[in-house]
*Asks:* 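Here it is, the structure, as structure tokens.
Note that ligands are numbered from 1 as they come in the structure, with each ligand's atoms numbered from 1 the same way.
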Amino acid sequence: MEVGFLGLGIMGKAMSMNLLRHGFKVTVWNRTLSKCDELVEHGASIGETPAAVIKKCKYTIAMLSDPSAALSVVFDKDGVLEQIGNGKGYVDMSTVDADTSSKISEAIKSKGGSFLEAPVSGSKKPAEDGQLVILAAGDKALYDEVVPAFDVLGKKSFHLGEVGNSAKMKLVVNMIMGSMMNAFSEGLTLAGRSGLNPSTLLDVLDLGAIANPMFKMKGPSMLKNNYSPAFPLKHQQKDMRLALALGDENAVPMPIAAAANEAFKKARSMGLGDLDFSAVHETLKKPDHSS
Ligand SMILES: NC(=O)C1=CN([C@@H]2O[C@H](COP(=O)(O)OP(=O)(O)OC[C@H]3O[C@@H](n4cnc5c(N)ncnc54)[C@H](OP(=O)(O)O)[C@@H]3O)[C@@H](O)[C@H]2O)C=CC1
Ligand SMILES: O=CC(=O)O
């Protein structure tokens with residue numbers, strides 16, 4: 001199967017590498033074109049523009065940072081819309097809001113193409129290991145056609161109905177995750193400041209009802225102040241912001257998510273946006289008055 005891939009950030013690189021490893025022919029494009037080189041070494045071809053990739057491939061996947069990137073790659077000059085048409089499918093796996101996804105869907109369909117939104121749960125490691133959870137919605141025939149690619153990228157795929165449903169599902173999931181990360185950071189900090197060993201807290205948490213892979217994976221590196229990015233904090237804050245807007249639309253009070261969003265904003269203001277989202281832990285540390 002031949003696929004195009006737009007966006008080779010943390011996720012896109014891992015996902016397209018995975019497709020190559022499983023025998024897919026992959027044509028890649030990235031805004032910073034030099035990031036294509038490593039994929040080319042592993043057998044990928046390069047498309048000079050999103051339009052060139054769409055022209056070449058029957059199916060194209062996108063994995064871009066945010067709504068503005070997702071829209072730009074479709075609507076701007078040399079974008080997806082210039083070459084999409086009958087018989088071509090576009091699958092946007094970026095995390096965006098339902099409105100953005102619907103705009104893209106309508107534009108693609110108006111040109112005769114078919115569209116799926118398919119954001120994913122799971123981070124850098126699950127992307128490398130083909131263990132993502134794929135939340136697809138939109139054209140069911142396209143979904144059925146790209147299942148072989150989803151089977152390589154993920155451990156489970158859902159088709160959630162009409163476009164917008166997957167965007168919403170993904171935002172709900174990440175709203176919960178961002179709130180949990182803040183509670184976890186506060187717990188680690190409180191343990192340390194009140195004279196407990198935070199490592200022992202990790203062991204205790206892992207044995208009880210609130211044990212989860214995120215605490216287990218992130219806890220030890222957070223205690224070492226290691227925030228090497230798997231899921232960049234700026235993207236988690238974008239997801240909190242979009243989830244809060246969804247809450248606003250639906251008149252759902254979300255005081256915990258709102259507080260978590262403020263903490264992620266504070267972290268961004270401290271210059272931590274490109275680090276892992278667990279770096280929100282740093283917002284709780286005492287200022288250093290030593291200098
Ligand atoms: N990392 C993770 O754990 C997960 C991330 N996600 C979601 O997946 C998406 C990608 O995340 P991730 O790979 O981590 O992000 P990165 O920041 O690593 O990569 C972002 C990608 O978007 C591209 N991009 C940004 N702005 C534009 C633009 N205006 N036009 C064209 N391309 C642009 C970047 O290109 P360039 O290289 O030129 O900057 C890069 O390819 C996000 O929506 C994120 O929320 C979902 C699940 C897990
Ligand atoms: O969106 C991030 C994730 O880990 O899922």
*Asks:* Just by distance, no angles: are the side chains of N174 and K170 close enough, under 3.5 Å, to form a donor-acceptor pair?
*Replies:* yes

*Asks:* If we ignore angles and hydrogens, is there a donor and acceptor under 3.5 Å between the side chains of E2 and Y59?
*Replies:* no

*Asks:* Tell me yes or no: between the side chains of S228 and N226, is some donor less than 3.5 Å from an acceptor?
*Replies:* no

*Asks:* With backbone taken as N, CA, C and O and side chain as the heavy atoms from C-beta onward, which portion of M177 lies under 4.0 Å from ligand 2: side chain, backbone, both, or neither?
*Replies:* side chain

*Asks:* Could you see which bit of K35 sits under 4.0 Å from ligand 1, with heavy atoms only: side chain, backbone, both or neither?
*Replies:* side chain

*Asks:* Can you figure out which of V73, V96, D92, D239 has its heavy atom closest to atom 31 (C) of ligand 1?
*Replies:* V73

*Asks:* What part of P119, side chain from CB on, backbone N/CA/C/O, both or neither, has a heavy atom under 4.0 Å from ligand 1?
*Replies:* neither

*Asks:* Check ligand 2 against K170 and write out every atom of the ligand that is under 4.0 Å from a heavy-atom position of the residue.
*Replies:* 1 (O), 2 (C), 3 (C), 5 (O)

*Asks:* Between Y143 and H159, what is the ring plane arrangement, given parallel below 30°, perpendicular above 60°, and tilted in between?
*Replies:* perpendicular

*Asks:* Heavy-atom distance to atom 5 (O) of ligand 2: which of G122, P119, S123, A127 wins?
*Replies:* G122

*Asks:* Can you tell me which portion of N174 lies within the under-4.0 Å heavy-atom range of ligand 2? Options are side chain, backbone, both, or neither.
*Replies:* side chain

*Asks:* Heavy atom under 4.0 Å from ligand 2: found in H235's side chain, backbone, both, or neither?
*Replies:* neither

*Asks:* With atoms numbered from 1 as shown, which atoms in ligand 2 lie under 4.0 angstrom from a non-hydrogen atom of F231?
*Replies:* 1 (O), 2 (C)

*Asks:* Checking contacts here: is it the side chain or the backbone of M93 that comes within 4.0 Å of ligand 1, counting heavy atoms only? Could be both or neither.
*Replies:* neither

*Asks:* Could you check which of T95, L33, N174 puts a non-hydrogen atom nearest to atom 7 (C) of ligand 1?
*Replies:* T95

*Asks:* For atom 28 (C) of ligand 1, which candidate among M15, M11, R31 provides the closest heavy atom?
*Replies:* R31

*Asks:* Side chains of Q237 and N261: is there a donor and an acceptor less than 3.5 Å apart?
*Replies:* yes

*Asks:* Distance alone, cut at 3.5 Å: any donor-acceptor contact between the side chains of T100 and D97?
*Replies:* yes

*Asks:* Looking only at side chains, do T283 and K266 share a donor and an acceptor under 3.5 Å apart?
*Replies:* no

*Asks:* Can you tell which of P232, G122, S94 gets a heavy atom nearest to atom 48 (C) of ligand 1?
*Replies:* G122

*Asks:* Heavy-atom distances under 4.0 Å decide this one: backbone, side chain, both or neither, for I10 against ligand 1?
*Replies:* both

*Asks:* Run the contact test for K238 against ligand 1 with a 4.0 Å cut-off on heavy atoms, strictly below, and give the result.
*Replies:* yes

